[in-house]
Trainee: 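Sharing a structure with you now.
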Amino acid sequence: MSKVKVAPSLLSADPINLAAEVASVKEAGADLLHLDIMDGHFVPNLTYGPPVAESLHGFGVPLDIHLMVDNPDLIVPLFIPYASYLTVHVEAATHLHRILQSIKDRGVKAGVALNPATPPETISYVMDLVDLVVVMAVNPGWGGQKCLTGMARKVSAVRSMVESSGRHVDIEVDGGVTPKNAGLFVAAGATILVSGSFLFEAPVRRDAIIALRESTAEVP
Ligand code: DX5
Ligand code: ZN
């Protein structure tokens with residue numbers, strides 16, 4: 001079975017019971033906690049601020065923080081203390097190279113996310129800096145959207161870029177991931193699967209994580 005990591009997206013968790021929700025997915029075998037930060041500008045929705053990240057930081061599951069914000073230069077420092085992975089969108093960063101370097105300088109893994117319409121070539125000159133590429137399989141803003149499975153082609157293109165770089169770079173797929181499409185993405189080169197609505201709506205979360213992993217069983 002492939003060693004894909006599973007990152008539950010807390011956007012689909014019950015917000016008034018967040019501590020119990022995190023404990024539940026930790027117990028179910030989550031590798032990372034995916035925290036979606038939305039600013040009401042880059043995407044038309046609002047989510048959490050730094051105090052929530054600070055509280056989640058204490059649960060012992062590495063935080064994978066996905067910034068869907070304009071002016072990420074202003075927001076990155078607010079989340080740096082709590083992040084294991086900190087991701088900015090290529091579409092939102094005016095000085096992408098500088099911001100990725102600033103994340104790495106703080107000892108945090110630097111991620112870059114690409115919206116569905118954004119070509120993979122936009123990150124070719126920062127491949128020496130990134131630790132994570134997030135391929136969006138939905139247009140960001142909400143959980144529970146239908147997966148754009150055609151993004152597997154972008155995952156393959158990013159995989160080729162990673163191999164040419166000779167570095168270890170994780171590739172994450174975010175949006176609408178289920179056991180029906182996970183194998184496609186992992187076969188194309190994904191190493192981390194974000195799961196929001198599928199996982200949090202499952203009757204048994206441990207079984208849902210197992211189903212995601214097992215759906216990639218045929219992938220070497
Ligand atoms: C979308 C977010 C995703 C989302 C994933 O803007 O970045 O992380 O919450 O949730 P599902 O798996 O329901 O698409
Ligand atoms: Zn996300």
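These numbers were taken from a predicted model, which means no experiment stands behind them. Whatever order the structure lists them in is the order used to number ligands and atoms, beginning at 1.
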Trainee: Quick test: of every protein heavy atom, which one is nearest to atom 12 (O) of ligand 1, and how far off is it to 0.1 Å?
Mentor: G196 N, 2.9 Å
Trainee: Considering heavy atoms of the protein only, find what lies nearest to atom 13 (O) of ligand 1 and give residue, atom and distance to 0.1 Å.
Mentor: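 The closest one turns out to be S197 OG, 2.6 Å.
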Trainee: Everything protein-side that's N, O or S and under 2.8 Å from the Zn ion (ligand 2): list it, residue and atom.
Mentor: H34 NE2, D36 OD1, H66 ND1, D174 OD2
Trainee: Where is the nearest protein heavy atom to atom 14 (O) of ligand 1: which residue, which atom, and how far?
Mentor: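 Closest protein heavy atom to atom 14 (O) of ligand 1: G176 N, 2.8 Å.
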Trainee: Taking the side chain as every heavy atom from C-beta outward, state whether V6 and R213 have any pair of such atoms under 4.5 Å apart.
Mentor: yes
Trainee: Within the side chain of T47, is there an N or O that forms a donor-acceptor pair under 3.5 Å with the backbone of M38?
Mentor: yes
Trainee: Among D31, D64, T191, whose side-chain contact (heavy atoms from CB on, under 4.5 Å) with K5 holds?
Mentor: D31
Trainee: Tell me whether ligand 1 is touched by W142 - counting only heavy atoms on the residue side and a distance under 4.0 Å.
Mentor: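 So W142 counts as touching ligand 1.
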Trainee: Going by the order shown, which atoms of ligand 1 are within less than 4.0 Å of some heavy atom of M38?
Mentor: 6 (O)
Trainee: Going by heavy atoms in the side chains, are L33 and L10 under 4.5 Å from each other?
Mentor: yes
Trainee: So if I count the atoms of ligand 1 from 1 in the order they appear, which ones are less than 4.0 Å from some heavy atom of P140?
Mentor: 6 (O)
Trainee: Can you list the ligand 1 atoms lying under 4.0 Å from a non-hydrogen atom of M68?
Mentor: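 Taking each heavy atom of M68 in turn, ligand 1 has 6 (O), 7 (O) under 4.0 Å.
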Trainee: Would you mind reporting whether F200 and S195 have side-chain heavy atoms less than 4.5 Å apart?
Mentor: no
Trainee: Of all the non-hydrogen atoms in the protein, which one sits nearest to atom 6 (O) of ligand 1, and at what distance?
Mentor: G141 N, 2.8 Å
Trainee: Look at atom 4 (C) of ligand 1 and find which of L10, T87, N45, D174 reaches it with the closest heavy atom.
Mentor: D174
Trainee: Check whether the side chains of D36 and H34 place a donor and an acceptor atom closer than 3.5 Å, and report yes or no.
Mentor: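 There is such a pair (donor and acceptor under 3.5 Å, judged by atom type) between the side chains of D36 and H34.
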Trainee: Can you see which heavy atom on M68 is nearest to which on P140, and at what distance?
Mentor: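 Minimum heavy-atom separation between M68 and P140: SD-CB, 3.5 Å.
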Trainee: D36 versus ligand 1: do any nitrogen or oxygen atoms come within less than 3.5 Å of each other?
Mentor: yes
Trainee: Through direct or indirect side-chain contacts below 4.5 angstrom among Ile, Leu, Val, Met, Phe, Trp and Tyr, which residues connect to L132?
Mentor: L32, Y85, V134, M136, V138, I192
Trainee: Look at atom 9 (O) of ligand 1 and say which protein heavy atom is nearest, naming residue and atom and giving the distance to 0.1 Å.
Mentor: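 Closest protein heavy atom to atom 9 (O) of ligand 1: S9 OG, 2.9 Å.
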Trainee: Can you classify the ring geometry of H89 versus F42 as parallel (below 30°), tilted (30 to 60°) or perpendicular (above 60°)?
Mentor: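 Taking F42 first and then H89, their aromatic rings sit tilted (interplane angle of 30° to 60°).
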Trainee: Quick check on contacts: which atoms of ligand 1 are under 4.0 angstrom from a heavy atom of G143?
Mentor: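 Within the 4.0 Å cut-off of G143, ligand 1 contributes 9 (O), 10 (O), 13 (O).
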Trainee: For L74, I'd like to know if atom CG has over 12 heavy atoms of other residues, nucleotides or ligands within 6.0 Å.
Mentor: yes
Trainee: Taking 4.0 angstrom as the limit and counting only heavy atoms of G144, give me the atoms of ligand 1 inside it, by number and element.
Mentor: 11 (P), 13 (O), 14 (O)
Trainee: Within a strict 4.5 Å, meaning less than it, do heavy atoms of the D70 and D39 side chains meet?
Mentor: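 A side-chain contact exists here, since the closest heavy-atom pair is under 4.5 Å.
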Trainee: Run the numbers for me: atoms of ligand 1, each under 4.0 Å from some heavy atom of H66, listed by number.
Mentor: 7 (O)
Trainee: What atoms in ligand 1 come closer than 4.0 Å to a heavy atom of H34?
Mentor: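 Here the atoms of ligand 1 in question are 8 (O).
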Trainee: Just jot down the ligand 1 atoms closer than 4.0 angstrom to any heavy atom of G175, in number order.
Mentor: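 Taking each heavy atom of G175 in turn, ligand 1 has 14 (O) under 4.0 Å.
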Trainee: Could you check if a side-chain atom of S12 sits within less than 4.5 angstrom of a side-chain atom of F198, using non-hydrogen atoms only?
Mentor: no
Trainee: Would you check if the side chain of D207 reaches a backbone N or O of V204 as a donor-acceptor pair within less than 3.5 Å?
Mentor: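 Pair absent, no side-chain N/O of D207 close to backbone of V204.
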Trainee: Flag yes if more than 12 heavy atoms outside K104 fall under 6.0 Å of its NZ atom; otherwise flag no.
Mentor: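 Yes, enclosed.
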